[in-house]
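Indexing begins at 1, ligand by ligand and atom by atom, following the structure's order. Starting from 1, each residue takes its place in the sequence as its number. What you are looking at is a predicted structure, and each value in this text was computed from that prediction instead of being measured.
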Amino acid sequence: MRAILISTPGGPDALTLTTVPELPIGPRDIRIAVAAAGVNRADVAQRLGNYPAPAGAPEWPGLEVSGTVTEIGPEVTRFRTGDRVCALLAGGGYATEAVVHEDLVLPVPDSVDLIDAAALPETLATVWSNVFMSGAPIAGAGLRAGETLLVHGGSSGIGTTAIQLAHLAGARIAVTAGTSEKLEACRSLGADILINYREQDFVAELKAATEDQGADVILDMVGGAYAARNIAALATDGRIMVIANQSGEKTAFNPFFLMQKRGHYSGTTLRSRPHAEKAAIIAGLHEDAWGWVQSGRYRPIIDSRFSFEDAAAAHRRMESSEHIGKILLVP
Ligand SMILES: NC(=O)c1ccc[n+]([C@@H]2O[C@H](COP(=O)([O-])OP(=O)(O)OC[C@H]3O[C@@H](n4cnc5c(N)ncnc54)[C@H](OP(=O)(O)O)[C@@H]3O)[C@@H](O)[C@H]2O)c1
């Protein structure tokens, strides 16, 4: 099989397509002939040497794939060879084959292009677990119909997912993004309040658009630099979910303002969660959100597709931040 390895941590040209031995398959694993792999920011961090693969995962990057089942372990019950699937991985997606426990696999409906389906698992699992699942990470804190969600980075892979899910769930959606083109894309997916964070103060804009109430839930991928402003933009009983620290900053805020709002400040990383938690997230997605995927009411937003030979260009595109939606690698 072929895989895209990181020759030496560094720039995009560190991504090297090479031949590796076939992966072993466990009793509840399935082997997937990869149709496409999703590109995620975490892959860029891994390439730079800042986010090594967890123990047990292949050394090459890739947190999600789509494809066709070619082999199943003896105890697999949910899938058969020939099935169209997509899967959440702890690593190893940038390859012509992936091996994954069946708990982390979802069926790809006929209505969804098999290559595009590689864009589904990582952002759906991240957004679902942080914004919607009632038990995690804050008990009973899932976004409810009629509430306001603020999504930073609305045009990102995560953002385009969060907008669509929140729209389907009947929430009001505010987004931040860095260009008017990106904001227009967010509007077309269902965003109601559009804030160009390079030109406008998102706290003031959000308050003006919500009769001073603010956001009930904030999905934050900016991190430290936004902490105090997120609390200022939060509604009473609001929940802030941090999923990245792109600003790279440590932060300080006055806890009194969080207390005053009876607010929650929480964070998660999907990749390092225990298997049982990831399995519960995938099961919850399948149970409660997959109908939207099947019916086409939720669709993967694809920015671009690159061949495996062009993996460096795919990473350059992600680092340029010019993309809207997901970038895919196709063997
Ligand atoms: N914790 C987890 O489990 C988890 C899981 C998946 C992803 N993530 C993280 O979530 C983030 C998004 O992932 P992705 O795959 O969707 O990446 P992506 O498509 O590359 O998105 C990054 C986005 O961040 C936006 N951004 C940067 N600075 C901003 C600011 N100050 N205000 C508002 N937006 C800003 C960029 O928008 P502009 O270009 O307009 O600035 C861009 O749309 C990444 O940092 C990723 O590592 C975390």
Worksheet entry | For ligand 1, the portion of A244 having any non-hydrogen atom under 4.0 Å away | side chain
Discussion item. If the contact criterion is a heavy-atom separation under 4.0 Å, does E322 count as touching ligand 1?
Written reply: no
Fill in: Backbone N/O of L270 and side chain of T268: donor-acceptor pair under 3.5 Å
no
Item to complete: Classify the side-chain pair S247/N245 by whether it contains a donor and acceptor separated by less than 3.5 Å.
Response: yes
Discussion item. Geometry only, no angles: is R41 polar-contacting ligand 1 at N/O separations under 3.5 Å?
Written reply: yes
Worksheet item: Should the pair D192-R172 be classified as a salt bridge under the 4.0 Å nitrogen-to-oxygen rule?
Response: no
Worksheet item: With a 4.0 Å cut-off on heavy atoms, does Y226 reach ligand 1?
Response: yes
Worksheet item: Are any of the N/O atoms in L270 less than 3.5 Å from those in ligand 1?
Response: yes
Worksheet item: For H152, is at least one N or O under 3.5 Å away from an N or O on ligand 1?
Response: no
Item to complete: Flag the pair R239 and D216 as a salt bridge only when some basic side-chain nitrogen lies within less than 4.0 angstrom of an acidic carboxylate oxygen.
Response: no
Practice prompt. Using distance alone, decide if ligand 1 has a nitrogen or oxygen within less than 3.5 Å of any nitrogen or oxygen in G157.
Written response: yes
Practice prompt. Could you tell me whether some N/O pair between M221 and ligand 1 is separated by less than 3.5 angstrom?
Written response: no
Worksheet item: Are any of the N or O atoms of H323 closer than 3.5 Å to those of ligand 1?
Response: yes
Discussion item. Is K326 close enough to touch ligand 1? Criterion: a residue heavy atom under 4.0 Å from a ligand atom.
Written reply: no
Worksheet item: Does K326 come within less than 4.0 Å of E64, counting only side-chain N to carboxylate O?
Response: yes
Worksheet item: Taking S129 as the fixed residue, which of E277, M241, R273 is the one that meets the side chain to side chain contact (heavy atoms under 4.5 Å, CB included) rule?
Response: R273
